[in-house]
Visitor: 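Once you've had a glance at the structure underneath, I'll fire off some questions.
Bear in mind that the values here come from a model prediction, so they are computed numbers and not experimental data. Chain identifiers are assigned alphabetically (A, B, ...) following the order of the sequence lines, protein sequences preceding nucleic acid strands; residue numbering begins at 1 within each chain. Scope of the values below: all heavy atoms of this structure, side chains included, with no hydrogens, waters or symmetry mates.
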There are 2 protein chains.
Amino acid sequence: MAHDRVTLADVAHRAGLSKTTVSLVLNGREGTRLSAEAHQRVFAAAEELGYRPNVAARSLRTRKTATIAFVSDIVATTRFAGGMIRGALDAAREHDHVLLIAETQGDATFEKHAIDAMLDRQVDGVIYAAMATRRLTVPAALHAGPVVLLNATSADGLPCVLPDDERGGRTAATALLSQGHRDRIAVIGRNQLKETDPEVSLAADARLNGIRAALADVGAKLLRAASCPEWLPEHGYTAMRSLLRRAVRPTAVVCMNDRLAFGAYQALADAGLIVPDDISVVSFDDDPIAAWLRPGLSTVALPHETMGRRAVDLLLDGQTTGTTLVPMSLRRRRSVAAPA
Amino acid sequence: MAHDRVTLADVAHRAGLSKTTVSLVLNGREGTRLSAEAHQRVFAAAEELGYRPNVAARSLRTRKTATIAFVSDIVATTRFAGGMIRGALDAAREHDHVLLIAETQGDATFEKHAIDAMLDRQVDGVIYAAMATRRLTVPAALHAGPVVLLNATSADGLPCVLPDDERGGRTAATALLSQGHRDRIAVIGRNQLKETDPEVSLAADARLNGIRAALADVGAKLLRAASCPEWLPEHGYTAMRSLLRRAVRPTAVVCMNDRLAFGAYQALADAGLIVPDDISVVSFDDDPIAAWLRPGLSTVALPHETMGRRAVDLLLDGQTTGTTLVPMSLRRRRSVAAPA
DNA sequence: CTGTTAGCGCTTTCAC
DNA sequence: GTGAAAGCGCTAACAG
């Protein structure tokens, strides 16, 4: 790449000025009163030659590369959270920065190589992202410079951005309450491990708390909560079936994520039940599938894109601490209605 | 980042040798017989100080950055093709390279900025990726150095990697033929625009040709092919319904992608028909949803990960021309069975 | 076998 | 107002 790129010296020569002058002008330095004519000449020459600065050379002096590292455990390539990258990319562009990405795949060796590779390239900071919202411990090498955690927290109080799952939980429950559901609301997707181990998930516990809090606010409580070993469609299917077998059926369920809800839909269909006439469903994430389901699934969206943006904003603003909670909002579709 | 990094000079000082020697040793240069002891001293010093080379500085001399640009129209953040990045990332890591990513979002201004930004950082080459398999025209700026097209072709014969959709089409049809389907196979997802405009899609036409060729091989032809304005679930739904209304029903359908198949499943369920007992379904892409459907959807997978790998391999091998076709293989699930 | 010297392209004192 | 010169950290000729 960059075969015989035009250099600053070329521009200076063409403009009949020194490199210093050209540099000053091109960087729009204040306070240094260069003649209007010099400005003209410099711009003209740069334009004619198609000059573009060599970032590597520049960064050697300035120690800034306008490059941010985005390292994730696995998120980068997952359908689920491409949104985080997209948001980061957008924000980076707005700040004239660029993203270097790497994935550790949860492998310590890969992680070390990845981080070294980024640091060797003198990135201005790193965004360390996790696929599942959770607590993690940041590799020591990263403490050398600015870091912000994305979709994760750490014990050492690094700045981080997280979805506001607790309020999200309230939002989900409220969507049901406001339609008149109250004492026959069930949850699908309780999970001991996710709820108790913050290194596995921060979302499960927060969502559940939010749901319960919203119910408590109106003096109601959960009819039942079905456990699921994982949050996959098949588990949602099984959980819904078991819910339907009981004497008192829920009028509405909140699924801990959209994949569970997908499974729940299948169980409902098998039972000849109609959503939302017989049972309302609300869920979390706003996976693309939520829009494809019939009827469309109302779900509290994970604000991936915004989260990604925030992460780079924090990094570039030099925020060095604190948690940023990004609100989750309800995507209303047709899966929620008043109880029969 | 990189606050007070150890430099080559520091290592040289510590080892009591010159920078040259240290550089030579650390880069494992052949042909230069430095004493074993010098090697020892250098390695020891580098190790003790935790020396890491400054890539920016090095690249200023060598004109190599070990960095590849991955620019895409929109693919980077799409659930659909994260696999391409993942593959590229893996291959890059194996070659000790790193990926700089950018998204143009189909906007010419963004594209220009993105490409300039990458070029300014002296990337060694660029991978230009498209979300939909199609023909496109490469921005002139890219012709300055190595480029490979990913999931796209261009008129100017740049090296490119594409999925082998035509053979994929044969594979899909063969999956049905081998179960005994023959004269009552229908297609869902014909699309005039996609089939005729290579700038929109290369896949539609190729898949269809493959399907027809496989049928022709056994002297059969398509029962019917339903058109869809887009390849979305709702269109699959509608198409399937119209297929079912006709006097002679297909025993099997091949959907042009998994989302159409998803819609088709819904229509089948509404009609009280069972997959695969009443009708077999096969499709393309291997979207995550294919595994979640009940029964699991047999689909010809888009080899995104392999494609990503190939792209960086080609780039790094200095391949400057030619089309690389990556085979698509059938993911067998439960949606295909012998006709009733 | 090893060290000196000269840049790569840029920014930045500091003189003029 | 503008330019000369030094130097960021590294590699590559070229001596010794």
Visitor: May I have all residue pairs that pass salt bridge (charged side-chain N to carboxylate O under 4.0 Å, His left out) and include part of residues 130-155 of chain A, sequence neighbours excluded?
Guide: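 Of all non-adjacent pairs touching residues 130-155 of chain A, those that pass salt bridge (charged side-chain N to carboxylate O under 4.0 Å, His left out) are A:D73-A:R134.
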Visitor: Can you name the residues that form a side-chain contact (heavy atoms from CB on, under 4.5 Å) with A:T109, not counting sequence neighbours?
Guide: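 side-chain contact (heavy atoms from CB on, under 4.5 Å) list for A:T109, sorted by chain: A:D107, A:H113.
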Visitor: Please state whether the phosphate of C:dG3, meaning OP1 or OP2, lies under 4.0 angstrom from any side-chain nitrogen or oxygen of B:T21.
Guide: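 Yes, because at least one side-chain N or O of B:T21 sits under 4.0 Å from OP1 or OP2 of C:dG3.
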Visitor: Tell me, with the steps shown, if B:R309 and B:E94 meet salt bridge (Lys or Arg N to Asp or Glu O under 4.0 Å).
Guide: CA-CA 10 Å; B:R309 302 190 69 92; B:E94 285 162 20; 2.6 Å; yes
Visitor: Indicate every side-chain donor-acceptor pair of residues 315-326 of chain B with a distance under 3.5 Å to a residue at least two apart or in another chain.
Guide:
none

Visitor: Just checking, is any N or O donor in the side chain of A:T20 or A:S23 under 3.5 Å from an acceptor N or O on the other one?
Guide: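 Side-chain D/A pair, A:T20 to A:S23: absent.
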Visitor: When every nucleotide of nucleotides 7-16 of chain D is labelled 5' to 3' by its protein contacts under 4.0 Å (heavy atoms), B for base, S for sugar-phosphate only, - for none, what sequence of letters results?
Guide: BBBBBBB---
Visitor: Applying side-chain contact (heavy atoms from CB on, under 4.5 Å), can you list everything that pairs with A:A44, at least two apart in sequence or on another chain?
Guide: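 Expected list: A:E48.
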Visitor: Decide if atom NE2 of B:H95 counts as having more than 12 heavy atoms of other residues, nucleotides or ligands within a radius under 6.0 Å.
Guide: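 Correct, the count exceeds 12.
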Visitor: Considering the terminal five base pairs at each end of the helix from C:dC1-D:dG16 to C:dC16-D:dG1, what angle separates the two local helix axes, rounded to 10°?
Guide: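 Inter-axis angle at the ends, rounded: 50°.
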Visitor: Does any donor atom in the side chain of B:T67 or A:R121 lie under 3.5 Å from an acceptor atom in the other side chain?
Guide: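 Per modelled atom types, B:T67 and A:R121 side chains form a pair under 3.5 Å.
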